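Below is one structure, written out as structure tokens; comments come after it.
The shown structure was predicted, so the numbers you read here are calculated from the model rather than taken from an experiment.
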Amino acid sequence: MLDTLAFYFEYPFVRYALIVGVLIALCSSLLGVTLVLKRFSFIGDGLSHVAFGAMAISAVVGLADDMVLVLPITVICAVLLLWTGQNAKIKGDAAVAMISVGALAIGYLLMNLFSTSTNVSGDVCSTLFGSTSILTLKQSEVILCIVLSVIVVILFVFFYNRIFAVTFDENFSKAIGTKVNSFNLLIAIIIAVIIVLAMNLVGSLLVSALIIFPALSAMRIFKSFFSVTVCSAVLSIICSVSGILISILYGTPVGSTIVAIDIVVFLLCSLIGKIGGRA
């Protein structure tokens with residue numbers, strides 16, 4: 001097995017896949033803890049459906065680089081979800097359901113009506129559940145992922161204290177002068193960027209698992225915000241790297257393999273948490 005891995009590592013596409021996988025796992029785990037604690041877990045799922053709809057539009061239009069359209073549309077919808085979630089007439093869960101289901105339906109409709117491929121079902125399936133595109137990344141795509149990931153990490157580290165305060169007590173944060181709405185908006189935009197980056201890795205339907213599972217696993221063992229965030233990042237990177245290597249060695253779907261490992265790790269962390277609690 002080691003000889004096989006050494007052989008595959010000689011190819012640039014394997015190294016590119018691992019670099020992007022590690023960066024996406026790191027970014028998604030950082031904000032995953034905040035989303036779980038703020039009970040915004042469903043936003044990741046909703047925005048992933050929006051990204052699918054935007055990707056379908058870019059395919060119909062014939063854009064060479066779908067990121068040009070997918071990223072701004074997903075960010076705009078993240079802002080709309082935040083705004084409608086604060087609207088008394090449209091509650092947060094209803095807004096997410098409305099936008100996500102609408103985007104998913106419109107995306108699938110457009111791919112059928114204006115299909116540029118002979119295998120629409122295969123394209124839809126690969127977009128929803130991930131494909132081998134993570135193993136065919138270009139150098140420019142890797143550079144873009146690195147730049148966006150660095151921006152996400154810097155923003156999280158720089159605003160860590162404010163994000164921590166907004167996560168646990170918005171009323172107190174407002175009382176001490178923190179612009180809560182601005183930081184909620186920042187969180188929504190960062191999540192939108194992470195989801196667009198993760199689309200090629202696990203697919204639109206599995207993106208939320210990449211964000212939520214590491215956070216939930218870390219919460220089974222640790223209690224403090226900092227410890228959970230660090231543990232979540234470590235577990236997410238381990239699961240992503242393991243999933244990519246297994247998919248390369250055994251030809252399994254990348255996204256599904258990563259999520260399956262995330263589930264196993266969550267069960268192990270739950271077991272460790274129960275044993276530690278009894279002790």
Side-chain angles (χ1 to χ4, degrees), residues 5 8-35 44 47-48 50-51 54-55 58 63-75 78 126-127 130-160 163 186-204 206-211 213-215 229-248 254-255 257-259 261-262:
L5 285 176
Y8 278 119
F9 272 113
E10 294 179 1
Y11 294 95
F13 73 89
V14 176
R15 298 195 293 269
Y16 290 163
L18 286 173
I19 292 171
V20 171
V22 168
L23 292 175
I24 292 173
L26 174 62
C27 293
S28 60
S29 62
L30 293 179
L31 270 297
V33 178
T34 297
L35 289 185
L47 289 178
S48 66
V50 170
M55 192 171 289
S58 65
L63 290 176
D65 185 6
D66 55 12
M67 189 74 74
V68 176
L69 187 64
V70 176
L71 185 57
I73 288 181
T74 308
V75 170
S126 63
T127 304
S131 63
T132 56
S133 58
I134 187 65
L135 301 178
T136 57
L137 292 170
K138 300 177 183 177
Q139 188 174 11
S140 58
E141 294 174 326
V142 177
I143 294 174
L144 177 62
C145 181
I146 292 173
V147 171
L148 292 176
S149 299
V150 169
I151 292 173
V152 168
V153 173
I154 290 175
L155 287 174
F156 182 82
V157 173
F158 187 77
F159 294 113
Y160 173 82
I163 291 174
L186 176 65
I187 292 171
I189 292 174
I190 293 176
I191 288 299
V193 173
I194 292 171
I195 285 170
V196 172
L197 291 176
M199 285 279 288
N200 286 332
L201 182 63
V202 295
S204 62
L206 302 178
V207 167
S208 56
L210 194 67
I211 296 173
F213 267 112
T229 302
V230 173
C231 180
S232 174
V234 172
L235 291 178
S236 183
I237 291 173
I238 291 174
C239 291
S240 293
V241 171
S242 300
I244 293 172
L245 293 179
I246 291 173
S247 66
I248 292 173
V254 179
T257 305
I258 293 174
V259 175
I261 295 175
D262 274 319

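- A search for side-chain hydrogen bond (donor to acceptor under 3.5 Å, both in side chains) contacts involving Ser149 returns nothing, not counting sequence neighbours.
- Going from atom CG of Asp262 over to atom CD1 of Ile238 covers 11.0 Å, rounded to the nearest 0.5 Å.
- Judged by distance alone, the side chain of Ser240 and the main-chain N or O of Ile237 form no donor-acceptor pair under 3.5 Å.
- A heavy-atom distance below 4.5 Å is found between the side chains of Ile244 and Ile258.
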In residues 25-33, what donor-acceptor pairs under 3.5 Å come from side-chain atoms, sequence neighbours left out?
{"from": "Ser28", "atom 1": "OG", "to": "Ile24", "atom 2": "O", "distance (Å)": "2.9"}
{"from": "Ser28", "atom 1": "OG", "to": "Ala25", "atom 2": "O", "distance (Å)": "3.0"}
{"from": "Ser29", "atom 1": "OG", "to": "Ala25", "atom 2": "O", "distance (Å)": "3.1"}
{"from": "Ser29", "atom 1": "OG", "to": "Leu26", "atom 2": "O", "distance (Å)": "2.8"}

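- Looking at Ile190, Ile163, Thr229, Ile191 one by one, the single match for side chain to side chain contact (heavy atoms under 4.5 Å, CB included) with Thr34 turns out to be Ile163.
- Between the CD1 atom of Ile189 and the CG atom of Leu155 there is a distance of 9.5 Å, given to the nearest 0.5 Å.
- Qualifying side-chain contact (heavy atoms from CB on, under 4.5 Å) partners for Ile246, counting only residues two or more places apart in sequence or in other chains: Tyr250, Thr252, Thr257, Ile261.
- Heavy atoms only, all atoms of each residue included: Val50 and Thr74 are closest at CG1-CA, 4.1 Å.
- A 4.5 Å side-chain heavy-atom check between Leu23 and Val153 finds every atom pair outside the cut-off.
- In this structure the side chain of Leu186 reaches within 4.5 angstrom of the side chain of Phe159, judged on heavy atoms.
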